[in-house]
Visitor: 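This is the structure I have questions about; it appears just below.
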Amino acid sequence: MTDTCTSRAFTAFSELTPAIGDVTTVEDLLHMVAERISALIGVERCSVFLRDEHEDVFRGYVSRSKWGVNDEEIRNCLAGIPADGVTRDTLRTRRPVIVENARTDSRMVRETVRRWKVRSMISVPMVLGEEVIGLILLDDVDRRRSFSEDDADLAQGFAELAAMAVRQTQVRLELSSKLEVAGRQLHALRRATAVDEQLTDLVLEGRSLDDLLRTLAQLLGKPCAVFRPSGVRAATGLPEGASESAVPRLLEPGFGDDPDVREALAEHEGSRACVVGPLPRTGILHRHIVAPVMLGEETWGRLVVMEHKARFTGGDVVAVRRAATLIALQVGAERKAVEADWNAGSSLAAELLGGCSDTGIVKRRADRLGVSLEAPRAVMLIGSRSGIEEDTPDFRAVAAAFRRKAAELTVHVTAVNGAVAALVEVPQGAPPESFVAESKELFESIRASLHPARQLVAGVSGVYYDRDGYRTAHREARQVVECIRRFSPVGGPALFTAGDLGVGSLLLSSSDGEAVASFAEETVGQLLSEQSKADLLTTLCSFFEHMGSIRGSAAALDVHENTIRYRLSRIEELTGLAVMHDPDAQLRARLSLFVLLLQGRLPNGFSAPPAPVSRPRLEVVDAAVS
């Protein structure tokens with residue numbers, strides 16, 4: 001290479017030097033190189049290729065001609081393939097290779113000649129040390145030209161300077177990218193630290209899960225939700241300005257059980273945080289970060305944060321993962337507090353129902369818990385049909401069921417004698433005399449929500465006051481449970497109140513189940529044997545429900561009083577029970593109807609015959625009130 005060519009190359013390249021430090025991509029630099037070398041050599045077109053280290057070929061990066069830029073098409077081109085003899089010679093000699101006539105030169109790839117309309121060309125290596133890092137191809141489009149050795153020397157000198165600039169720019173951009181990544185990571189860590197600090201303060205203050213989610217949403221600027229394994233949303237947080245429609249729905253029923261969602265979650269099983277979505281077929285149009293909320297080995301739920309307005313960053317993933325840990329601490333602390341309340345309430349309930357004889361101790365404990373010993377309460381006793389203690393639910397499960405189904409009620413639950421007793425306080429303002437009857441469906445829903453519901457039965461006492469009254473209530477509820485065990489078949493009625501059975505619970509709970517069932521069948525069973533006799537059983541139930549009043553029964557059944565008399569006479573003929581005037585017959589009939597009630601065989605709309613006299617529990621209530 002002559003000194004003149006070297007000097008010209010340096011001079012030409014020096015014109016680029018001030019701008020090289022400002023380029024933000026290698027492509028920008030290569031465009032500058034292509035434009036300057038084209039003018040230096042005096043050609044119409046310049047294409048630049050860089051080595052692909054992984055495949056040992058040269059890939060097209062930029063192409064400039066006097067008609068403009070053609071980068072998109074050149075990026076689909078490769079140089080250095082086995083059929084490319086020009087590149088092979090360029091690499092072997094590390095010198096420019098001149099092609100006088102591309103159409104006849106056997107080293108040229110025919111498809112390249114035709115596609116790019118190449119006639120004459122010079123291939124210039126970009127040599128850096130011992131390595132060829134790129135190629136510069138110079139030609140006049142569809143026109144032959146004679147390139148001189150001076151052209152080759154000048155192009156080579158410029159290409160070597162360009163090679164150094166390309167490598168330096170690559171190193172600079174790589175370092176800049178690493179610094180940028182490091183900066184983003186530092187920002188993400190600072191953001192995650194801020195989230196961590198604020199949520200930690202909330203946990204230490206004993207704030208609620210809703211408070212944590214609202215704060216997290218504001219800090220991240222994205223909607224958040226915590227889902228239980230069932231798909232129920234336990235808490236939600238929305239950033240300022242977000243509408244209710246922005247609530248994450250990824251794990252809701254209908255979305256969370258979709259095969260695509262399940263598969264996406266399964267792919268990240270065991271991960272502390274993962275990104276899921278979008279899943280357009282499922283209706284999930286945004287990305288979500290999902291982090292499990294772990295209590296020991298238990299997956300209590302999942303924290304879900306939805307991408308909103310701004311894209312996720314690495315810091316969001318770190319922050320969500322840490323937030324899930326803090327939520328687990330909050331939930332764990334709350335669970336322990338609830339368990340402590342359960343245990344304290346359970347201990348007090350056990351003492352109220354018969355565990356401690358020292359009234360002073362019980363009162364002091366009740367005062368510490370803020371529990372009034374004079375409040376009206378009923379006892380719901382839950383046990384197994386079998387009577388086996390192992391089949392009885394844990395008292396904590398019963399307490400949790402009350403919290404789910406009737407959070408407004410004040411309830412103390414305890415395990416007692418192979419069953420679970422719930423001491424239920426009558427809400428302020430509710431009439432004690434009708435509380436149990438009006439709450440019967442609620443009590444049944446609580447029993448039915450326990451596992452295994454089919455094996456569980458429940459008895460509910462009347463309402464009583466003070467410690468002695470609560471013990472009476474417990475005894476009353478236990479008698480009802482025992483009646484159900486003796487007379488209700490598997491799959492039959494599983495819950496009754498003391499009001500349903502009246503004094504029958506006292507008699508039936510201690511009787512021989514088989515003997516009494518046979519007695520009931522012999523007494524009124526034949527009234528069930530034929531459909532034609534259904535009116536007789538209905539009339540008998542109505543007669544007792546209206547305290548033996550023929551007029552009341554007639555009005556209730558919308559028939560004439562003589563019809564009631566006739567039907568009662570027919571009952572006497574069939575059963576031998578003179579229920580209109582014989583107290584013994586009335587007692588026998590009532591007990592038989594109690595058995596049918598427990599068996600679930602009474603006509604729809606009838607529950608139980610009332611007691612012939614005022615209930616003892618009403619006397620206790622009245623005395624307490626007075």
Side-chain angles (χ1 to χ4, degrees), residues 192 195-196 199-200 202-204 206-217 219-220 222-237 247-279 282-284 286-307 312 314 316-340 342 393-394 396-401 403-405 407 449-452:
V195 171
D196 186 37
L199 294 186
T200 298
L202 294 179
V203 171
L204 294 176
R207 302 288 284 275
S208 69
L209 184 58
D210 286 319
D211 291 335
L212 266 65
L213 265 290
R214 282 193 292 267
T215 302
L216 180 62
L219 291 171
L220 297 181
K222 294 175 172 60
C224 311
V226 171
F227 290 91
R228 296 303 308 277
S230 63
V232 173
R233 190 186 297 110
T236 304
V247 173
R249 305 183 64 190
L250 178 69
L251 300 182
E252 284 185 357
F255 291 94
D257 51 5
D258 185 274
D260 288 352
V261 175
R262 290 203 305 268
E263 182 180 351
L265 293 174
E267 289 178 1
H268 301 282
E269 187 70 31
S271 172
R272 293 178 61 191
C274 64
V275 177
V276 174
L279 303 169
T282 307
I284 302 299
H286 298 83
R287 295 196 303 166
H288 296 72
I289 298 176
V290 181
V293 179
M294 302 297 298
L295 297 183
E297 298 297 321
E298 174 195 356
T299 302
W300 179 86
R302 286 186 173 93
L303 171 61
V304 177
V305 177
M306 187 176 76
E307 199 167 57
F312 285 137
D316 290 330
V317 177
V318 174
V320 172
R321 186 173 63 197
R322 181 59 181 161
T325 301
L326 291 172
I327 288 172
L329 291 175
Q330 189 270 350
V331 171
E334 190 173 82
R335 175 180 286 185
K336 289 179 180 178
V338 170
E339 288 181 352
W342 283 350
D394 184 83
R396 286 175 287 265
V398 175
R403 286 169 62 87
R404 289 194 306 271
K405 299 283 188 178
S449 71
L450 299 170
H451 181 78

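Any value given below was found using the heavy atoms of this structure, including those in side chains, with hydrogens, waters and symmetry copies removed. These numbers were taken from a predicted model, which means no experiment stands behind them.
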Visitor: Mind checking the CG-CH2 spacing from Leu295 to Trp300? Nearest 0.5 Å is all I need.
Guide: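 Rounded to the nearest 0.5 Å, the CG-CH2 separation comes out at 7.5 Å.
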
Visitor: Could you grab the distance from atom CE of Met306 to atom CZ of Arg249, nearest 0.5 Å is fine?
Guide: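 Output value for this atom pair is 10.5 Å.
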
Visitor: What's the shortest heavy-atom distance between Pro393 and Leu450, and which atoms?
Guide: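 Looks like CG-CD1, 4.3 Å.
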
Visitor: Are side-chain heavy atoms of Arg287 and Pro278 found at a separation under 4.5 Å?
Guide: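 Side chain of Arg287 against side chain of Pro278, heavy atoms only: contact under 4.5 Å found.
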
Visitor: Would you indicate whether the side-chain heavy atoms of Ser230 and Val232 approach each other to under 4.5 Å?
Guide: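 The answer is yes, as the side chains (C-beta and beyond) meet within the 4.5 Å cut-off.
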
Visitor: Hey, what do you get for CZ (Arg403) to CZ (Arg396), rounding to the nearest 0.5 Å?
Guide: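 Answer rounded to 0.5 Å: 14.0 Å.
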
Visitor: With the side chain counted from C-beta on, respond yes when Cys224 and Leu216 share a heavy-atom pair under 4.5 Å apart, and no when they do not.
Guide: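 Yes; the side chains approach each other to less than 4.5 Å.
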
Visitor: Find out whether Val317 and Phe312 are in side-chain contact, i.e. whether some heavy atom of one side chain is under 4.5 Å from a heavy atom of the other.
Guide: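 Side-chain contact under 4.5 Å: no.
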
Visitor: Starting at CD of Glu307, measure out to NZ of Lys222 and round the result to the nearest 0.5 Å.
Guide: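 Answer for the CD-NZ pair, Glu307 versus Lys222, is 7.0 Å.
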
Visitor: Heavy atoms, side chains only, cut-off 4.5 Å: are Arg262 and Leu265 in contact?
Guide: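 They are not in side-chain contact.
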
Visitor: Taking all non-hydrogen atoms of both residues into account, name the closest pair between Val320 and Leu303 and its distance.
Guide: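 Looking at all heavy atoms of both residues, the shortest contact is O-CD2, 3.6 Å.
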
Visitor: Run the side-chain contact (heavy atoms from CB on, under 4.5 Å) check on His288 and Val305 step by step: do they pass?
Guide: CA-CA 5 Å; His288 296 72; Val305 177; over 6 Å; no

Visitor: Going through the distances and angles, do Val290 and His268 end up as a side-chain contact (heavy atoms from CB on, under 4.5 Å)?
Guide: CA-CA 10 Å; Val290 181; His268 301 282; over 6 Å; no

Visitor: Could you walk me through whether Leu212 and Val203 pass the side-chain contact (heavy atoms from CB on, under 4.5 Å) test, one step at a time?
Guide: CA-CA 8 Å; Leu212 266 65; Val203 171; 3.8 Å; yes

Visitor: Minimum heavy-atom separation for Val276 to Ala264, with atom names?
Guide: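 Closest heavy-atom pair between Val276 and Ala264: CG1-CB, 3.7 Å.
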
Visitor: At their closest point, which heavy atom of Leu220 faces which heavy atom of Ala319, and how far apart are they?
Guide: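 Minimum heavy-atom contact is CD2-CB, 4.0 Å.
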
Visitor: Would you mind reporting whether Lys405 and Ser449 have side-chain heavy atoms less than 4.5 Å apart?
Guide: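 In short, these two side chains touch, coming nearer than 4.5 Å.
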
Visitor: Check whether any side-chain heavy atom of Leu213 sits under 4.5 Å from a side-chain heavy atom of Thr236, and report yes or no.
Guide: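 Counting from C-beta outward, Leu213 and Thr236 never come under 4.5 Å.
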
Visitor: Taking atom CG of Asp394 and atom NE2 of His451, what is their separation to the nearest 0.5 Å?
Guide: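 Atom-to-atom, Asp394:CG and His451:NE2 are 13.5 Å apart.
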
Visitor: Where the side chain of Thr299 meets the backbone of Gly301, is there a donor-acceptor pair that is under 3.5 Å apart?
Guide: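 No: the side chain of Thr299 does not pair with the backbone of Gly301.
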
Visitor: Could you state the interatomic distance from OG1 (Thr200) to CG (Leu329), rounded to the nearest 0.5 Å?
Guide: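 Thr200 atom OG1 to Leu329 atom CG measures 8.0 Å (nearest 0.5 Å).
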
Visitor: Are side-chain heavy atoms of Val261 and Asp257 found at a separation under 4.5 Å?
Guide: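 Val261 does not reach Asp257 side chain to side chain.
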
Visitor: Testing the basics here: between Gln330 and Leu209, what is the closest heavy-atom pair and its distance to 0.1 Å?
Guide: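 Minimum heavy-atom separation between Gln330 and Leu209: NE2-N, 3.4 Å.
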
Visitor: Quick one: closest heavy-atom pair of Val293 and Ala324, and the distance?
Guide: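 Closest approach of Val293 to Ala324, heavy atoms only: CG1-O, 4.0 Å.
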
